[in-house]
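Notes follow the structure.
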Protein chains: 2
Amino acid sequence: MKKISLNDIAKQLGVSKTLVSLVLNGKAKQHRISHEVCNKVTELAKELNYKPNQIAKGLRTGKTNTIGLIIADIANPFFGKLGREIEKEAANHGYRVIFCSSDENPANSQKQIEMLQQGQVDGFIIAPPAGSENQILSLKRNRTPFVLIDRNFPDIDTNYIVVDNIQAAFDATSHLINKGYKKIACITLNVHLNNMNQRVLGYKQALIENNIPVDEELIKMMPFTHEKDDIVEAVKQLEPGNKAKVEAVFFATSKLGIMGIETLHSLGLHIPDDIAVVSFDDPDAYKISQPPVSAIAQPLQEIGQESVKVLLDLMNDNQSETKKIVLKAKFIPRRSSGA
Amino acid sequence: MKKISLNDIAKQLGVSKTLVSLVLNGKAKQHRISHEVCNKVTELAKELNYKPNQIAKGLRTGKTNTIGLIIADIANPFFGKLGREIEKEAANHGYRVIFCSSDENPANSQKQIEMLQQGQVDGFIIAPPAGSENQILSLKRNRTPFVLIDRNFPDIDTNYIVVDNIQAAFDATSHLINKGYKKIACITLNVHLNNMNQRVLGYKQALIENNIPVDEELIKMMPFTHEKDDIVEAVKQLEPGNKAKVEAVFFATSKLGIMGIETLHSLGLHIPDDIAVVSFDDPDAYKISQPPVSAIAQPLQEIGQESVKVLLDLMNDNQSETKKIVLKAKFIPRRSSGA
DNA sequence: CTATTTAGATTAAACGTTTTAGCAAAATGA
DNA sequence: TCATTTTGCTAAAACGTTTAATCTAAATAG
C-alpha cells in the first residue's frame with residue numbers, strides 16, 4: 001500500500017499541490033479558495049486517508065513536533081512515572097517523546113543529545129547527570145530550547161523545574177526527631193548533583209535546629225553505580241549493635257531505600273522497632289511494604305506538566321527570561337517511622 | 001549557531017555536495033574520489049563539527065532509524081524495565097525509540113500508530129491492547145514491519161515474543177499446592193488478552209492435575225481499568241472468615257498483586273499464615289515486602305533484545321516467515337507462600 | 001593517431017512538504 | 001471603454017540529503 005501524497009490528491013483533482021496544501025492546513029479562506037474546490041479536496045483527502053508526511057513537513061518547516069527526554073533510567077519507577085506524565089502532557093499538545101536513559105553518565109547524555117540534535121527534536125527535557133555542565137552550556141550557546149528537571153546547576157542560568165529538596169529532607173528528618181529519634185543516619189549518593197546535596201543539607205538543618213550534633217560518620221555516601229553490596233556494607237555499619245547505635249535512617253533516594261530496607265530485613269532487624277526508616281520518593285513498594293514506609297512524594301504530575309509547558313513556551317516565542325520553578329514535595333508519614 | 005550542511009562544506013572547499021556526501025558516507029573509493037580531496041573533506045567536516053540532518057536523510061532515504069514502541073504504561077515497572085531493555089538494544093544498533101503508553105485502550109494505540117506511521121518510524125514494537133486486532137491486520141496489510149510483545153493474537157499470523165504464560169502460572173500454582181494449599185483463588189483481569197487467558201489456564205491445569213476441583217467462584221476478574229476499590233472488594237470476598245475459606249491467592253499481574261497485598265495488610269491478614277500469596281511479574285516491591293512475595297519473573301532482557309533483533313531483521317530483508325518466540329518465565333519462591 | 005577506457009569529479013532530480021510571488025480572468029469603478 | 005481591484009488559482013523555490021546519469025581530461029589500447 002503506497003503512501004499517498006499531496007501530489008496524488010492534486011493530480012486526481014487536476015489542481016495544484018499548493019492548493020491542496022493550503023486547504024488541508026485550513027488556510028483556504030485566507031487564500032480565497034472557492035468553497036467548491038475546498039470541499040472536493042477535503043473529501044478526497046478523507047477518502048484516500050491522506051496523512052501528511054511528517055518528515056517532509058519537518059524538513060520544510062524545521063519543526064518535528066518531537067521532544068527529547070533525557071533521564072537517568074526509565075526502568076526506575078520515579079522516572080517511569082515522571083516520563084509518563086511528560087508523555088501525557090506532550091501528547092496533549094501534539095508532541096511525541098523520544099526517551100533516552102543516561103544512567104547518570106555524562107558521556108551517554110552527551111551522545112544522546114548530539115544524536116537528537118541532528119534535526120530530530122525541537123527541544124529537550126533533561127535530568128542532567130553530574131559532570132554534564134558543558135553540555136548544558138553548549139545547548140544554551142546554540143539556543144536549543146531545553147528545560148532541566150529533577151536537578152539543576154546553580155551556577156548556570158537555565159529553565160528548570162525541581163522540588164524544594166532542602167525543605168522535603170528537613171520535614172522528613174524533623175518528623176523522625178519529633179518521634180523521639182536522635183541517632184539518625186543518612187544514606188545518600190556520592191555524586192555532585194545539587195538535589196542530592198540539598199537533601200543532605202535539609203537533613204543536617206533539621207538536626208541542628210533541634211540541637212542534635214551532626215555526626216559525619218552517620219552520613220554514608222554510596223558510589224552512584226551502587227549495587228546491593230555497597231548498601232549492605234553501609235547498612236551493616238548502622239546496626240544498633242554497633243557503637244553508632246543508630247535509631248533511624250533517612251534514605252535519599254528510593255533506589256537506595258529499597259535496597260537498604262531489603263538489607264535491614266535480611267539482617268533480621270525490625271522496622272521501626274529496631275530502626276526507623278524514612279525515604280525520599282514514594283514508589284509502590286513503600287505502600288505494600290510491611291510496615292509501609294514513610295516517604296517524600298514528589299508532585300510528578302505537576303513536574304511533568306510544567307516542564308512540557310515551559311518547553312513549549314520556549315519553542316514558540318524565544319523569550320529570554322529563564323523560568324525557575326521550585327515545587328513542594330509532600331512528606332507522608334507511615335508506620336516505618338512509628339506513625 | 002547555524003547548523004552547517006553538506007553545502008557549507010562543499011562551498012568552502014569548492015567542490016560539489018555530491019562529493020562531500022560520498023566521502024562522508026564512506027563511498028569515496030567506490031566512486032574513485034582522490035585521497036587528497038577525501039582528506040580535506042573529512043577534516044573540514046570534523047572541524048566544523050558537521051552532523052548530517054537526519055530529517056533530510058530520512059526524507060530522501062525513507063529511513064528514520066527510529067522505532068515506535070507501544071506499551072500499556074511506561075509508569076508500570078514491568079513495562080519500564082522492558083522499555084529500558086528495548087531502548088538499550090535499539091541504541092546498540094543505532095536506533096532511537098519513541099515511547100507511547102496506550103493504557104490498554106485500542107483507540108489510543110490506534111491514534112499512536114497512525115501518528116507514527118506518518119513517516120516517523122521505521123517499524124513498531126507493540127504490546128497490543130484487547131480489541132486492536134484490526135490495527136494489527138492493517139499493519140500487516142500495508143507491510144509495516146512490527147513485532148508484538150507480551151501478548152499476541154492467536155488468530156493472526158504475526159511475529160511475536162512472549163513468555164509461556166500457561167507454564168509459568170502452572171508452576172506458581174503447583175508450588176502452592178505442593179505447600180499444602182488447596183483453596184486457591186485467582187485474581188485476574190477481565191480483558192480478552194491471550195496472555196491473561198493463559199495465566200488462568202495454567203492455574204486451572206495445575207488444580208486439575210492435582211485433583212482439586214476448579215471453583216469459578218474463586219476466580220475474580222477485575223475490570224481492566226481497575227482501581228483500588230475493585231481490588232478491595234474482590235479480596236474481601238476471599239477472607240478466610242468467609243465461607244470460601246481461601247488459603248492462598250494467585251495474582252495474575254503485579255499491579256493487581258501490589259494493590260491486593262496492600263488490601264490484605266489493611267484487613268489485618270497475615271501473609272502467609274492467614275493467606276499465602278504468589279504473583280505474576282517481579283517488581284522491586286516484592287523483594288522488600290515483608291514477607292517477600294513469591295513471584296514469576298519474566299526474562300525482560302531477552303524479550304527486549306529479541307524483539308529489537310526480530311524487528312531489525314524484518315526491516316532489512318523483508319523475510320516472509322513470521323518469527324514466533326516463546327520464552328520461559330521463572331518462578332521464584334519466597335516467604336509469602338511459605339517458602 | 002584515433003578510439004576507448006579510466007579517473008575524478010559534477011549536474012540534476014528526487015523525497016513531500018510549505019510558502020512566496022505572481023498570473024489570468026472576472027468584477028468593479030471612472 | 002479602459003484602468004483598477006478582486007477572485008481563484010498555480011509555478012517554483014526551498015529545506016538537506018542521496019543517487020543516477022553525465023561529463024571532461026587524462027591515460028591506455030589498437
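Residue numbers start from 1 in every chain, and the chains themselves are labelled A, B, ... in the order their sequence lines are given, proteins ahead of strands.
An OP1 or OP2 oxygen of D/dC15 is reached within less than 4.0 angstrom by no side-chain nitrogen or oxygen of B/Asn53. In terms of phosphate contacts, A/Tyr50 brings a side-chain nitrogen or oxygen within less than 4.0 Å of OP1 or OP2 of C/dT17. OP1 or OP2 of C/dT18 lies within a sub-4.0 Å distance of a side-chain N or O belonging to A/Ser21. The phosphate of D/dA11 (OP1 or OP2) has no side-chain N or O of A/Lys17 nearer than 4.0 angstrom. Between A/Ser16 and D/dA11, a side-chain N or O to OP1/OP2 separation shorter than 4.0 Å is absent.
Note: CG (B/Asn65) to C1' (D/dT17) measures 14 Å, nearest angstrom. D/dC9 atom C1' lies 14 Å from atom CG of A/Leu13, rounded to whole Å. Here the P atom of nucleotide D/dT17 and the CD1 atom of B/Ile4 are 9 Å apart, to the nearest Å. Here C/dT10 presents its P atom at 12 Å from CG of B/Asn7, a figure rounded to the nearest Å. Counting to the nearest Å, the P atom of C/dT10 and the CZ atom of B/Arg32 are 13 Å from each other. Residue A/Lys27 contributes atom NZ, which lies 18 Å from atom P of D/dC9 at whole-angstrom precision. The distance between atom CD1 of B/Ile9 and atom C1' of C/dT10, rounded to the nearest whole Å, is 18 Å. The distance between atom NZ of A/Lys57 and atom C1' of D/dT17, rounded to the nearest whole Å, is 21 Å.
A/Thr61 comes within contact range of the sugar-phosphate backbone alone, with a heavy-atom separation under 4.0 Å but no base atom that close. Among the protein residues, A/Leu6 comes within range of the nucleic acid bases, having at least one heavy atom under 4.0 Å from a base atom. Looking at heavy-atom distances under 4.0 Å, A/Lys29 makes no contact with the nucleic acid at all. Within the nucleic acid shown, B/Lys63 has no heavy atom closer than 4.0 Å to any nucleic acid atom. Residue contacts shown for B/Ser5 are limited to sugar-phosphate atoms, with no base heavy atom under 4.0 Å away.
Donor-acceptor pairing under 3.5 Å is lacking for the side chains of A/Gln120 and A/Thr66. With no hydrogens or angles considered, no side-chain donor-acceptor pair links B/Glu85 and B/Gln301 at under 3.5 Å. Checked by atom type, the side-chain pair B/Asp157/B/Thr322 shows a donor-acceptor distance below 3.5 Å. Defined by atom type and a distance below 3.5 Å, a donor-acceptor pair is present between the side-chain atoms of A/Gln117 and A/Thr144. A donor and an acceptor atom, one from each side chain of B/Thr64 and B/Gln54, are nowhere located under 3.5 Å apart.
No donor-acceptor contact under 3.5 Å links the side chain of B/Arg60 to the base of D/dT17. Taking 3.5 Å as the limit, the base of C/dA9 and the side chain of B/Thr18 contain no donor-acceptor pair of atoms between them.
Of the candidates B/Val308, B/Val326, B/Ile303, B/Ile161 forms a side-chain contact (heavy atoms from CB on, under 4.5 Å) with just one, namely B/Ile303.
Annotation: of the two residues near DNA chain D, B/Ala56 and A/His31, the 5′-most nearest-nucleotide partner is A/His31. The residue among B/Val37 and B/Leu59 whose nearest nucleotide of DNA chain C lies closer to the 5′ end is B/Val37.
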Passes salt bridge (charged side-chain N to carboxylate O under 4.0 Å, His left out), B/Asp313 versus B/Lys323? Steps please.
-> CA-CA 10 Å; B/Asp313 279 355; B/Lys323 294 226 178 85; 3.4 Å; yes
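With the end axes of the helix from C/dC1-D/dG30 to C/dA30-D/dT1 each set by five pairs, the angle from one to the other reads 70° at 10° resolution.
Not a single side chain to side chain donor-acceptor pair (under 3.5 Å) links B/Lys11 to another residue, sequence neighbours left out.
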